[in-house]
Amino acid sequence: MRIFSENMIIDGSNANPILPKGDNVFRLGTLYKHCKSIHLPAQDTSIRIGTLSEYRINENRAVRDEYEGKFRVSLKFKDRMEVSKTWLNRLTFGTIPFGSKVSQNIVTKVVSGTRTVGMVSSTGQFELQDVFEDRTQIEGCLDILFEGADAWVLSFSRSQDSVINDSSYDSCWSLKPENMSSFLQAITRELWGEVVGGNYISEDTVGPTGLPGFGVPKMRGLRLSMFDDIQDVKYSDKIILPQCEDEDSIRTTHLAIDESAFTKPLHFKNEEETRVIIRPCYSVNVSSPRYLLPNYLRPVLIPARSILDLIS
């Protein structure tokens with residue numbers, strides 16, 4: 001599945017990745033990484049880079065988010081609501097099995113945004129009855145769950161005084177905007193070493209893009225590379241509840257694909273998070289479409305000494 005990155009800022013396919021000029025990282029303010037004091041960076045310590053998939057099952061309930069990198073669309077239709085087939089098809093990513101009066105099956109489909117790809121699985125119990133060529137009556141419920149390709153995550157707060165859900169975090173270190181470029185290069189270079197060494201794949205399970213329908217194309221000249229994205233986290237419900245037949249519902253649902261890695265539930269709002277998402281991928285060259293890897297990634301420990309001169 002082809003992926004285009006609008007915010008690609010590092011190509012780690014060589015030993016010395018280069019950050020293009022004029023990227024949005026220079027518009028950020030100082031960022032703060034809250035942690036336990038025993039985990040403050042030092043010459044002999046490491047920085048842990050977690051993953052979207054790991055945070056969904058993290059043992060620490062204060063940081064766990066079961067919808068990390070996911071979202072859900074929940075539809076309930078009462079009294080044989082009449083809707084456009086085109087609207088319903090777009091809203092559900094083409095997972096509605098038109099032609100079936102009653103459905104209890106699961107439909108799985110590959111979907112893509114501009115920054116990521118993922119798998120949509122829909123399940124439900126509903127009844128369809130055609131009215132006109134592009135109109136249908138539907139009654140029942142339908143749930144569509146999206147899970148995006150895995151990625152490494154490095155989270156910061158935009159304030160030293162942000163309220164962190166984990167009360168054991170009693171300290172923090174900071175990163176100034178003028179050092180962001182060099183910091184991202186250093187972090188990505190370390191992760192690149194893990195990728196080249198083949199130590200980045202989780203042995204536990206295969207991610208959503210490892211299911212049928214995905215796969216790296218058999219093309220000559222493909223090379224492994226990395227791209228990063230950095231954005232402020234948006235806080236909202238990860239369950240979308242469309243109320244009527246309109247374009248806003250479709251727009252919200254489709255935007256959620258790319259925003260899935262940058263959206264957290266409202267109870268994390270006090271953390272004021274800005275996060276870095278790092279994804280390994282295959283491509284032919286820097287400007288060509290990117291193919292995200294199908295497996296879950298594993299968390300990585302990188303030596304803190306690689307960024308000590310860039311933080312305070």
Contacts of type salt bridge (charged side-chain N to carboxylate O under 4.0 Å, His left out), residue Arg80, not counting sequence neighbours:
Glu127

Taking Glu273's backbone N and O only, do any of them form a donor-acceptor pair with Arg158's side chain (distance below 3.5 Å, no angle check)?
yes

Is it true that a side-chain atom of Trp152 and a backbone atom of Arg298 form a donor plus acceptor pair closer than 3.5 Å?
yes

Sub-4.5 Å side-chain heavy-atom contact between Arg135 and Ser84:
yes

Short side-chain to backbone donor-acceptor contact, His254 and Arg90, under 3.5 Å:
yes

Assign the ring pair Trp173 / Phe156 to parallel, tilted or perpendicular, where the plane angle (0 to 90°) is split at 30° and 60°.
perpendicular

Are Phe77 and Leu88 packed together at the side-chain level, in the sense that at least one heavy-atom pair is separated by less than 4.5 angstrom?
yes

Using a strict threshold of under 4.0 Å (side-chain N to carboxylate O), is an ion pair present between Arg305 and Glu190?
no

hydrophobic_cluster_shared for Phe262 and Val73, side chain cutoff 4.5 Å
no

Kindly say whether Asp143 contributes a backbone atom to a donor-acceptor pair with the side chain of Ser74 at under 3.5 angstrom?
no

Say whether, by atom type as modelled, one donor and one acceptor occur between the side chain of Arg275 and the main chain of Ala261 under 3.5 angstrom.
yes

Closer than 3.5 angstrom, by distance alone: can the side chain of Asp166 be matched with the main-chain N or O of Ala62 as a donor-acceptor pair?
no

Considering only heavy atoms from C-beta outward, does the side chain of Ile278 approach that of Leu154 to under 4.5 Å?
no

Sorted by chain and number, sequence neighbours left out, salt bridge (charged side-chain N to carboxylate O under 4.0 Å, His left out) with Lys234 holds for Glu259

Contact check, side chains of Ile277 and Val153, non-hydrogen atoms, under 4.5 Å
yes

Closer than 3.5 angstrom, by distance alone: can the side chain of Lys33 be matched with the main-chain N or O of Ser157 as a donor-acceptor pair?
no

For Glu66, all residues meeting salt bridge (charged side-chain N to carboxylate O under 4.0 Å, His left out), sequence neighbours excluded:
none

With Asp65 via salt bridge (charged side-chain N to carboxylate O under 4.0 Å, His left out) - residues at least two apart:
Lys264

Side-chain H-bond candidate by donor/acceptor type, Thr86 with Asn89, under 3.5 Å
no

Suppose we screen for ring-ring contact (aromatic ring centres under 6.0 Å, His included). Which residues come up paired with Trp87, at least two apart in sequence or across chains?
none

Could you list who else is in Leu266's hydrophobic cluster, with ILVMFWY side chains joined at under 4.5 Å, directly or through other members?
Val233, Tyr235, Phe268

Has the side chain of Ser260 got a donor or acceptor atom that lies under 3.5 Å from a matching backbone atom of Ile257?
yes

